K.L.:
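Can you read through this structure? Questions will come right after.
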Protein chains: 2
Amino acid sequence: MICHIDAGNGIPIYEQIERQVKFSIANGSLLVGERLPSVRELAVQAAVNVNTVARAYRELQQQGVLDSIRGTGMSVSAAAPDICRQDRLQMIRDRLRSVLQEALQNQISVQEVRSLVDSEWQSLTQQDSG
Amino acid sequence: MICHIDAGNGIPIYEQIERQVKFSIANGSLLVGERLPSVRELAVQAAVNVNTVARAYRELQQQGVLDSIRGTGMSVSAAAPDICRQDRLQMIRDRLRSVLQEALQNQISVQEVRSLVDSEWQSLTQQDSG
DNA sequence: AATACTGTAATAGTTACATATTACACTAGC
DNA sequence: GCTAGTGTAATATGTAACTATTACAGTATT
């Protein structure tokens with residue numbers, strides 16, 4: 001589990017962790033029953049406080065994505081893949097919708113948006129500089 | 001000047017106001033020399049505190065977009081259209097980039113993103129329910 | 001002068017997020 | 001039993017954003 005935290009995107013850190021765990025499960029990078037890194041371990045790796053990771057794990061447990069075994073750790077629940085595959089595109093869709101809404105309200109055309117998407121995607125895939 | 005505030009998009013209110021003023025100037029909805037609504041007036045219209053509007057206006061003034069005349073109000077500066085036209089797509093681009101970055105990091109394809117853009121755009125243009 | 005409007009400023013209180021620190025309860029391995 | 005590792009919880013601190021309120025300084029109109 002590698003975790004990328006972007007401090008400048010307006011999404012709380014604990015939520016970014018939640019999202020990335022869900023994506024990893026949807027991808028198959030995390031399998032049912034597999035152990036997650038401990039809160040302390042992930043906190044160090046992501047340069048973040050233990051409480052922040054704990055909050056992410058707690059919410060994922062409440063959503064039924066993770067099983068918590070006190071003293072042992074967190075593991076991917078049996079129901080997790082279904083949940084996460086369902087959420088996979090929806091998570092992106094919601095963020096996208098917010099941007100498109102602003103664009104639409106301010107007289108920006110679909111063509112301009114499409115063009116921005118393609119050019120930015122190309123810029124991101126050429127090299128992971130950002 | 002009609003101002004749409006979205007409480008759930010992670011962007012501070014004062015910044016949303018800034019952006020919408022800039023878009024309006026870039027669009028030609030606000031012309032050079034034109035008076036903006038007073039801080040109190042816009043605060044009521046947007047259901048927001050006066051201080052929040054004042055902060056947006058102050059920052060726009062510091063960027064050279066607005067001229068402030070104490071006792072009279074704020075007006076669109078001569079330099080504003082150039083600045084705002086330059087920022088127009090860039091503001092959307094930056095938000096878009098952040099979403100695309102998350103999509104890319106989590107194994108979502110360009111095709112899927114393009115499809116989301118088109119379907120969400122259609123959903124937004126069919127009727128302004130959001 | 002009086003009034004009503006401007007922007008501006010200062011203060012205080014609230015909420016959300018994140019941090020640092022300490023402690024507790026549980027489990028596994030020796 | 002001891003130790004080292006789990007998740008969990010409580011407390012305190014700091015910061016950013018927002019609100020509410022009050023006050024002040026300038027301008028325009030009457």
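Just the heavy atoms: all of them, side chains too, but no hydrogens, waters or symmetry mates, feed the values below. These numbers come from a predicted model, not from an experiment.
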K.L.:
Is the side chain of B:Ser24 donor-acceptor paired with the backbone N or O of B:Leu30 at a distance under 3.5 Å, no angle test?
P.N.:
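The answer is no, because no donor-acceptor pair under 3.5 Å joins these two groups.
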
K.L.:
Would you say the side chains of A:Arg97 and B:Ser123 form a donor-acceptor pair under 3.5 Å?
P.N.:
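Short answer, yes.
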
K.L.:
For the pair made of CD in A:Glu59 and P in C:dC17, what is the distance, rounded to whole Å?
P.N.:
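Between P of C:dC17 and CD of A:Glu59: 9 Å.
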
K.L.:
What residues from residues 2-16 of chain B pass a heavy-atom cutoff of under 4.0 Å to DNA chain D?
P.N.:
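The stretch gives B:Pro12, B:Ile13, B:Tyr14 as the residues lying under 4.0 Å from the strand, ordered by number.
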
K.L.:
Output yes when B:Arg19 and B:Asp87 qualify as a salt bridge under the 4.0 Å nitrogen-oxygen rule, no when they do not.
P.N.:
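No, this pair does not count.
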
K.L.:
Where each residue is assigned the nucleotide of DNA chain C containing its nearest heavy atom, which of B:Glu41 and A:Thr72 is assigned the position nearer the 5′ end?
P.N.:
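The residue whose closest nucleotide sits nearer the 5' end is B:Glu41.
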
K.L.:
In whole angstrom, what separates B:Tyr57's OH from C:dT8's P?
P.N.:
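About 11 Å, once rounded to whole Å.
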
K.L.:
Within a 6.0 Å radius of atom CD1 on A:Ile2, are there more than 12 heavy atoms belonging to other residues, nucleotides or ligands?
P.N.:
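Check fails, neighbour count at 12 or below.
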
K.L.:
Using a cut-off of 4.0 Å on non-hydrogen atoms, how would the nucleic acid contact of B:Arg58 be classed: base, sugar-phosphate, or nothing?
P.N.:
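Nothing, no heavy atom under 4.0 Å.
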
K.L.:
Is any side-chain N of the basic residue among B:Arg88 and A:Glu112 closer than 4.0 Å to the acidic one's carboxylate O?
P.N.:
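Judged by the 4.0 Å cut-off on N to carboxylate O distance, B:Arg88 and A:Glu112 do form a salt bridge.
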
K.L.:
When rounded to the nearest 0.5 angstrom, what distance separates CG in A:Leu96 from CG in B:Leu100?
P.N.:
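If I round to the nearest 0.5 Å, the distance is 7.0 Å.
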
K.L.:
For DNA chain D, what residues of residues 47-54 of chain B have any heavy atom nearer than 4.0 Å?
P.N.:
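Within residues 47-54 of chain B, the residues near DNA chain D are B:Val48, B:Asn49, B:Asn51, B:Thr52.
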
K.L.:
If the cut-off is 4.0 Å, is B:Gln61 near the phosphate of C:dT8, judged by side-chain N/O to OP1 or OP2?
P.N.:
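Yes, B:Gln61 has a side-chain N/O under 4.0 Å of OP1/OP2 on C:dT8.
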
K.L.:
Got a salt bridge between A:Lys22 and A:Glu18, using NZ or NE/NH1/NH2 to carboxylate O under 4.0 Å?
P.N.:
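Not counted as a salt bridge, because no side-chain N and carboxylate O are separated by less than 4.0 Å.
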
K.L.:
Would you say A:Asn106 and A:Glu102 are linked by a side-chain donor-acceptor pair, where the criterion is simply a distance under 3.5 Å?
P.N.:
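Side-chain D/A pair, A:Glu102 to A:Asn106: absent.
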
K.L.:
Side chains of B:Asp94 and B:Gln90: do they bring a donor and an acceptor to under 3.5 Å?
P.N.:
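Judged by distance alone, the side chains do pair up.
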
K.L.:
Which nucleotide of DNA chain D is the first, and which the last, in the 5' to 3' direction, to come under 4.0 Å of a heavy atom belonging to chain B?
P.N.:
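Under 4.0 Å from chain B, the extent on DNA chain D is D:dA17 to D:dT27.
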
K.L.:
Run the side chain to side chain donor-acceptor pair (under 3.5 Å) check on A:Ser98 and B:Arg95 step by step: do they pass?
P.N.:
CA-CA 9 Å; A:Ser98 175; B:Arg95 291 188 66 190; 2.7 Å; yes

K.L.:
What's the spacing between B:Cys84 SG and B:Met91 CE if we round to 0.5 Å?
P.N.:
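Reported value, rounded in 0.5 Å steps: 7.0 Å.
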
